[in-house]
Each structure stands twice: as C-alpha cells, then as structure tokens.
Amino acid sequence: MELDFSFLLEYSGVLWRGLLTTLQFVGLAVVLGLIWGFILSMGRTSKNLFIYWISTLYVEFFRGTPVLVQLFWIFFCLPLFLGVDMSGFTSAVIALSLYSGAITSESFRAALKSIEASQFDACTALGLPNGVRTIFVILPQAVLRAVPNLLSNVVSLFKESALVSAVGMADLMYVGQNIANNVARPIEILSAVAIIYFCIGFPLTRAVSMVEGRLLKVVKA
Amino acid sequence: MAFVEIDGLIKRYGTLSIFEGFDLNMGSTDRLVLIGPSGCGKSTLLRCMMGLEDIAGGTIRLGDDDYIDGAPNGKMKLNRQVQKEVGMVFQHYTLFPHLSVLGNLCLAPVRSRGIKKSEARDKALGLLERFGLADRANFYPSQLSGGQKQRVAIARALMLDPKLMLFDEVTSALDPELVVEVENTMMELAEAGMPMMIVTHDMHFARNIATQVVFQERGKVIEAAPPKDLFGNPQQDRTRDFLRNVLHIEG
Ligand SMILES: Nc1ncnc2c1ncn2[C@@H]1O[C@H](COP(=O)(O)OP(=O)(O)O)[C@@H](O)[C@H]1O
Ligand SMILES: [Mg+2]
C-alpha cells in the first residue's frame, strides 16, 4: 500500500472551512453552556426543593444519556414537538449547549461546595451581610476554582462536537468523511483530520494543566 | 458589672454536650487566656462569643447590652449591633485568597459599614504601617508568610474598631520562628488596652499577656486566677496535673 498525502493540499480549503464550522459550534455551545450551566448550578444549590429537583433531574438526564442520542432527539423530535422549523445548525447548537450546560453546572457546583466553612465564618465575624458575602467572597472564589474544570469541559466539547457530522453538519469530521469517500483514500484523509483535531486539542489540554497549577496556588491560600 | 457576662451557657452539637450551664465573667480591662485539654470546648466558647454557634440556652451580655439569648431548636436571639463590636482571628488565617491585603482589610468597612473607599484605604494603610506590613499592601495572601497572614487577619478585624477581640490558637499553625511576630502584635494591642479572650497552648505567652487565666475542663471552669497565681500556685489538683503535662511537653 502506498501512502500519498500530496492530494490533501487540493482539499485544504474545504478542510479549513470544516474546521471553522467545528470551532463555531464549539464556541457557541461553550458560551451558551456557561450561562445555562451557571443558572443550573444555582438551581442545584437552591433551598427550594422544586427548583432543586427539576435542575438535578435535568443535569442527571443529560449526563446519563449519550450525546449522540440527545443530538438526534433534538434534531428530529424537538421541531415536531414545538411545531417549528429549525435549521440543522440551530438544532445542533441547541443540543450541544443543553449538554454543555449540564456538564458546566457540575463544575460550578463542585467549586461552590469546595469553599471551606471557615470562609463563611470569617464573613460572619466581619459582619458581612449575606448578599455581600455571596457576591464579593464566595462567587469570585467559586469561579476561580471552576476555571480548570471549565477548560477541560471545553476540550471534551471540542472532541464531542464531531458528532454533529452524524446529522449532516459540515464540520471538520463531516468534510473529512466526504473527501475520504470521494477520493477513496480514507487512511490519509482521516489521519489528517485526526491530526488537525489534535493540533487544537493538545494545546488546550496543556493550557488546562498550566492554568490549574497557577490558579490553585492563588486560591488555596 | 462585668464587661462580658456569660451566664448558664448551654451548647450541644447534636447529642454531644459541650456546655451545660457554663458561667464566666470578664472585666473591661481584662485579657482572658483560656487553657485546657484539647477538645474541652475552648474554640466552641469563642465561636459562641462571636455568634457563630447556635446556643441552646444561657445568655451572653457585652457591655451594657444583651448580646445573645440562647434557646433550643434554633430559636436563639442574637443582637447584630452588638456582634459588630466583636472581632475574631482564627487559627487558619481565613483571609480572602482572591483579594489583596488591602482588599481584605477594606471589604467589610466599605461593603457593610458604609465607609468611603478612600477613608477605609487610609485607615488600612495606617494599620499596615503600624504592623510593619506597609510594603505588603498589594500582595495576595498566597504571597505572604504565615506570620504575615495572621497579622493581616488581625488588622482586618481591627478595621471595624471592635470592643472585644477573640483569638483562637492564632499561632498554632505557624512555624516556630514566626510565632513571635504575631505574639508581639498581640502584646502591642494589649498595651493599647484592647480587651481580649485568647486561646493558646503557649504558656509562656499566656503568662505575659493575660490578666486572668482560666483553666477549663469538661465544660466547666476549674480555676481562674491571675497568671502568677494560676501558674505559680494552682489551687486545684486538675490544674496542677494539666500544667505539669503541658509544661513537661514544652520542656
Ligand atoms: N461542628 C462540630 N460538630 C460536632 N462536634 C464538634 C464540632 N465542633 C467541635 N466539636 C466537638 O466539640 C468538642 C469541643 O471542641 P473544641 O471547642 O474545638 O475544643 P478545643 O478548642 O478546646 O480543643 C470536641 O469534642 C469536638 O470534637
Ligand atoms: Mg480549638
């Protein structure tokens, strides 16, 4: 078997556009997931039992089912339920964001829970009202502590985003598969796709460890 | 009338009873040092004084005011105005790690006492200067030594002009060579006339700073006396046993 990577050059433009689409999906899902995840984490630490159970059920459901199933469900079933036309792009973004929100909320919740009781004692000893305590003492520390976890969520999401190719979104994975079918050279093209994913994913993973080391030093005073 | 009056204090953690009717008085010029075996409730007593613990019975008065009125089932009454007059420093610093030294000092005055930022800042810088920490104002807690952290914690409490300061083993987590700087800071406060309740294992320091030493065991005061009497001529067997043990360990 002979390997020939030279033809890849011809397809570099298509691959590039595929990568941009992937990054677009991930970017949107990360931002929307952050907002949604924060709201969910408030729900999961709420004293209101109804809010607590609803948000807990939601999070457990999205963590406990395959992303591919969620994606298909939202792509094929949700428009039928709502009786509206949704572009494939919109469905895919919604699916990824709903999933990313569930994962993100867990990171926030863990960070909130990791704050020592002594920080609360210090606030009481200084006579800080609850609102001031939450906004100026607890939240900033929770966010700082959540950062490494949030970044690794981004890495996972980046990899899981390849699933959108299954519903026909022209992301990097989809484009790669198409070219592979057209030119009948799956080894070269799929290897190239894997390497492109890795070139983005690896620096992200490294960044996570770096940030983790630095932040922990600050936060664990 | 005593400055601090603890009367019939009842404190339980679930079924574990710490105090069943504990009494203690303190004068307005007193520096009370609490000593006693580990687990006898010294920290709990200070935490009750700070209003951090729910007490099931008894009363605490401070100055002319009713401060805490204990009641079972979380029905304790606490006067927040009086609570503001008490400051506390903990064993493990409990600085806010995401704020600079200045940020730590200014947060409570600015956010809950309505003091102007510039005013709080000037006061903070003055306190840091007095404690020899002026060059650390913009450092973060993680960049400070344990002794510096603990002195910042003391300064943070002083920002609110407390009438009573509580110190719970504030030197226990420190490397031996850093203990002195914190103890000196506390001595300076003592000389400035600050009433204090102090828990410490350092008997030498206790002797120097206390006006009154209180030996407690199993939720009761066994003996209370000025340091030279309590250390020099303890009246109770249990006090003698305790002192012999700790002084022996200290060498
Ligand atoms: N939050 C808590 N819940 C249950 N038990 C506690 C709690 N805090 C302290 N205790 C118990 O109360 C007793 C007194 O503790 P403490 O006041 O810390 O003693 P000391 O400071 O004299 O060593 C100990 O037996 C301790 O285990
Ligand atoms: Mg203790």
Asks: Any side-chain donor-acceptor pair under 3.5 Å between Arg80(B) and Gln83(B)?
Replies: yes

Asks: Heavy-atom pairs under 4.5 Å with chain B - which of Leu128(A), Asp121(A), Thr124(A) has more of them than the others?
Replies: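 Answer, by heavy-atom pair count under 4.5 Å with chain B: Asp121(A).
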
Asks: Should the ring pair Phe89(A) and Phe25(A) be called parallel, tilted or perpendicular, given that the plane angle runs from 0 to 90° and is split at 30 and 60?
Replies: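 Judged by the thresholds at 30° and 60°, the geometry between Phe89(A) and Phe25(A) is tilted.
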
Asks: Answer with side chain, backbone, both or neither: which region of Val132(A) has an atom nearer than 4.5 Å to a non-hydrogen atom of chain B?
Replies: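 Side chain of Val132(A) only, per the 4.5 Å heavy-atom cut-off to chain B.
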
Asks: Heavy atoms only, distances under 4.5 angstrom: which of Pro162(B), Ser112(B), Ala108(B), Ala153(B) has the most pairs with chain A? Name it, please.
Replies: Ser112(B)

Asks: Do the non-hydrogen side-chain atoms of Phe120(A) and Ile138(A) ever get within less than 4.5 Å of each other?
Replies: yes

Asks: Need one label for Phe90(B): side chain, backbone, both or neither, based on atoms under 4.5 Å from any heavy atom in chain A.
Replies: side chain

Asks: Looking at chain B, which one of Ser118(A), Ala125(A), Gly127(A) has the largest number of heavy-atom pairs inside 4.5 Å, strictly under?
Replies: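 The residue among Ser118(A), Ala125(A), Gly127(A) with the greatest pair count is Ala125(A).
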
Asks: Do the side chains of Met186(B) and Val89(B) get nearer than 4.5 Å, heavy atoms only?
Replies: no

Asks: Measure across Ala120(B) and Pro109(B) and return the closest heavy-atom pair with its distance rounded to 0.1 Å.
Replies: CB-CB, 4.3 Å

Asks: If you count heavy-atom pairs under 4.5 Å with chain A, which of Met159(B), Arg47(B), Met50(B), Arg111(B) comes out on top?
Replies: Arg111(B)

